[in-house]
Amino acid sequence: MSDAIGDQARAAPKLAAVIGWPAAHSLSPLIHATWAAREGANAYYAPVAAAPTFEDFARVADGLKAAGFRGVNVTLPHKEHALRYASDASEEARAAGAANMLTFEESGAFAENSDIFGFASALNEIVGEKRSALVVGAGGAARGVVLALAKRCGVGKISVVNRTREKSDAVAALVGGAAIDWAKRDDALSGVDVVVNATSLGMTRHPPLDIDARAIDAGAVVCDIVYTPLETPLLKAARARGCRTVDGLSMLMHQAAPGYRKWLGATAEVDADLRARLEAALAARAA
Ligand code: NAP
């Protein structure tokens with residue numbers, strides 16, 4: 001009998017999840033299942049919905065912790081709730097004011113922000129030295145993007161342009177950057193090494209980002225953190241100009257790696273096979 005219990009305990013999978021609202025559309029379970037299958041890890045990664053309030057988020061996180069989950073990724077609209085829920089947090093999560101990873105510990109939960117690592121890895125993968133960047137947008141994602149550019153990509157000169165000026169002031173101040181008026185966004189495009197769309201514009205069912213891509217230097221790298229569609233109108237226009245581009249799927253794949261390694265397995269390769277699986281899932285969803 002005791003052997004049977006021992007066998008059962010040995011067979012119990014390592015558990016992790018993504019909490020969001022909604023959660024069913026998340027690509028994170030596919031990313032984690034792909035990595036687990038590759039190395040034969042006994043692991044399960046679940047999509048879990050939590051209604052948008054902090055109380056709902058905390059109830060779901062408490063439940064997953066009690067059920068033996070090692071950690072969770074956190075997506076919209078809960079990234080700020082995750083930081084509030086945590087008993088401790090990394091310096092990056094505190095600076096961003098948001099977390100997309102919670103690791104459950106005996107005494108609480110540790111919050112991290114792997115979106116910062118994810119964006120930086122995606123950009124560093126395709127370009128070496130970069131001195132200046134223009135970030136369009138000043139929401140939650142933009143905070144992570146400017147921190148990634150300043151702390152992980154070696155960009156010394158960062159400007160932020162956003163429709164709501166007070167928010168660009170605040171995001172630029174995080175990294176000693178400059179805020180630019182929304183009306184001057186096209187003028188700000190020329191002469192920068194990296195242009196990033198960190199708004200939700202360009203997403204399916206949203207208007208495109210209204211900037212004049214012809215003002216972007218042909219030698220610049222253009223990044224879009226939106227990944228539905230994969231080729232946003234901005235990336236299409238940038239490619240037509242001859243710019244190198246980084247899409248939102250690269251960031252998404254890279255941000256998942258720290259959680260996988262911490263909770264479920266050892267190897268989390270971001271490669272062409274993983275991208276192909278995610279692109280197929282996105283295409284099936286769009287069909
Ligand atoms: P958010 O906090 O709601 O910020 C939205 C941003 O878009 C703000 O800067 C907002 O400007 C701007 N915006 C929205 N509608 C606009 C309009 N009509 N005209 C001008 N600006 C407009 O959202 P978020 O959390 O930062 O997320 C932004 C996007 O990043 C989402 O599409 C999300 O899915 C994506 N994302 C991708 C990844 C990834 O791994 N690839 C990770 C995180 C987020 P105002 O400040 O003026 O409202």
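The structure displayed is predicted, hence computed values, not measured ones. Note that ligands are numbered from 1 as they come in the structure, with each ligand's atoms numbered from 1 the same way. Nothing fancy with the numbering, it's 1 onward along the sequence.
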*Supply the atom-to-atom distance Thr75 OG1 to Ile19 CD1, rounded to the nearest 0.5 angstrom.*
11.0 Å

*Around atom 14 (C) of ligand 1, find the nearest protein heavy atom and jot down its residue, atom name and distance.*
Ser200 OG, 3.6 Å

*Are any of the heavy atoms in Val136 under 4.0 Å away from ligand 1?*
no

*asked:* Would you compute the distance between atom CD of Glu92 and atom CG of Leu147 and round it to the nearest 0.5 angstrom?
replied: 7.0 Å

*Would you check, one step at a time, whether the test salt bridge (Lys or Arg N to Asp or Glu O under 4.0 Å) holds for Arg59 with Asp56?*
CA-CA 5 Å; Arg59 197 165 36 245; Asp56 284 300; 2.5 Å; yes

*Considering only non-hydrogen protein atoms, determine which one is nearest to atom 43 (C) of ligand 1 and report residue, atom name and distance to 0.1 Å.*
Lys79 NZ, 3.6 Å

_Which of the numbered atoms in ligand 1 are under 4.0 angstrom from any heavy atom belonging to Leu252?_
40 (O)

*Run the numbers on Trp182 and Arg165 for side chain to side chain contact (heavy atoms under 4.5 Å, CB included), then give the verdict.*
CA-CA 7 Å; Trp182 185 240; Arg165 176 60 196 255; over 6 Å; no

_Contact atoms of ligand 1, heavy-atom distance to Lys167 under 4.0 Å_ = 45 (P), 46 (O), 48 (O)

*asked:* Students should be able to answer this: which protein heavy-atom is nearest to atom 24 (P) of ligand 1, and at what distance?
replied: Ala141 N, 3.8 Å

*Could you walk me through whether Ser159 and Val192 pass the side chain to side chain contact (heavy atoms under 4.5 Å, CB included) check?*
CA-CA 9 Å; Ser159 305; Val192 291; 5.8 Å; no

*asked:* Within ligand 1, which atoms have a heavy atom of Gly137 less than 4.0 Å away?
replied: 9 (O)

*Report yes if some N/O of Tyr227 lies less than 3.5 Å from some N/O of ligand 1; otherwise report no.*
no

*Decide, yes or no, whether a salt bridge links Glu269 with Arg38 under the criterion of side-chain N to carboxylate O below 4.0 Å.*
no

*Is atom 34 (O) of ligand 1 in close reach of the protein, with a heavy atom under 4.0 Å away?*
no

*Looking only at protein heavy atoms, which one is nearest to atom 39 (C) of ligand 1, and how far off is it?*
Met251 SD, 3.7 Å

_Residue pair Asn73 / Ser28, side-chain donor-acceptor N/O under 3.5 Å_ = no

_Ligand-side contact atoms (ligand 1) for residue partner Leu76, heavy atom cut-off under 4.0 Å_ = 25 (O)

*Considering heavy atoms of the protein only, find what lies nearest to atom 23 (O) of ligand 1 and give residue, atom and distance to 0.1 Å.*
Gly140 N, 4.6 Å

*Counting heavy atoms only, which part of Ala198 comes closer than 4.0 Å to ligand 1: side chain, backbone, both or neither?*
backbone

*asked:* Could you identify the single nearest non-hydrogen protein atom to atom 47 (O) of ligand 1 and state the distance to 0.1 Å?
replied: Thr164 OG1, 2.5 Å

*asked:* Pair Arg143, Leu174 - check side chain to side chain contact (heavy atoms under 4.5 Å, CB included), show working.
replied: CA-CA 8 Å; Arg143 297 175 73 86; Leu174 280 175; 3.9 Å; yes

*Using heavy atoms and a threshold below 4.0 Å, how should the contact between Asn162 and ligand 1 be classified: side chain, backbone, both, or neither?*
side chain

*Any idea which part of Met203 is under 4.0 Å from ligand 1, heavy-atom wise: side chain, backbone, both or neither?*
side chain

*Which heavy atom in Phe119 sits nearest to a heavy atom in Leu149, and how many Å separate them?*
CE2-CD2, 3.9 Å

*Which heavy-atom pair separates Pro77 from Trp21 by the least distance, and what is that distance?*
CD-CB, 3.6 Å

N/O donor to acceptor pairs below 3.5 angstrom from side-chain atoms of residues 278-287, sequence neighbours left out:
| residue | atom | partner | partner atom | Å |
| --- | --- | --- | --- | --- |
| Glu279 | OE2 | Arg275 | NH1 | 3.0 |
| Arg285 | NH1 | His25 | O | 3.3 |
| Arg285 | NH2 | His25 | O | 2.6 |

*For Arg185, all residues meeting salt bridge (Lys or Arg N to Asp or Glu O under 4.0 Å), sequence neighbours excluded*: Asp210

*Looking at Ala96 and Asn113, what are the two nearest heavy atoms and their distance?*
CB-ND2, 3.5 Å

*Identity and separation of the nearest protein heavy atom to atom 18 (N) of ligand 1*: Arg163 NH1, 3.3 Å

*Can you confirm whether something in the protein, heavy atoms only, sits under 4.0 Å from atom 7 (O) of ligand 1?*
yes

*Between Leu249 and ligand 1, find which residue part has any heavy-atom pair under 4.0 Å and reply side chain, backbone, both or neither.*
neither

*Sub-3.5 Å N/O-N/O distance, Ile225 and ligand 1*: yes

*Determine whether the side chain, the backbone, both or neither of Ala138 has a heavy atom under 4.0 Å from any heavy atom of ligand 1.*
backbone

*OG1/Thr245 to CD1/Ile126 distance, rounded to the nearest 0.5 angstrom?*
6.5 Å

*Got the closest protein heavy atom to atom 21 (N) of ligand 1, with its distance?*
Leu201 CD1, 3.6 Å

*Of Gly144, Gly248, Gly139, Cys223, which has the heavy atom at the shortest distance from atom 4 (O) of ligand 1?*
Gly139

*ligand 1 versus Asp210, non-hydrogen atoms closer than 4.0 Å: side chain, backbone, both, neither?*
neither

*Under the side chain to side chain contact (heavy atoms under 4.5 Å, CB included) criterion, do Val175 and Val155 qualify, and how do the steps go?*
CA-CA 10 Å; Val175 292; Val155 177; over 6 Å; no

_When you measure from the heavy atoms of Trp182 to every atom of ligand 1, does any distance fall below 4.0 Å?_
yes

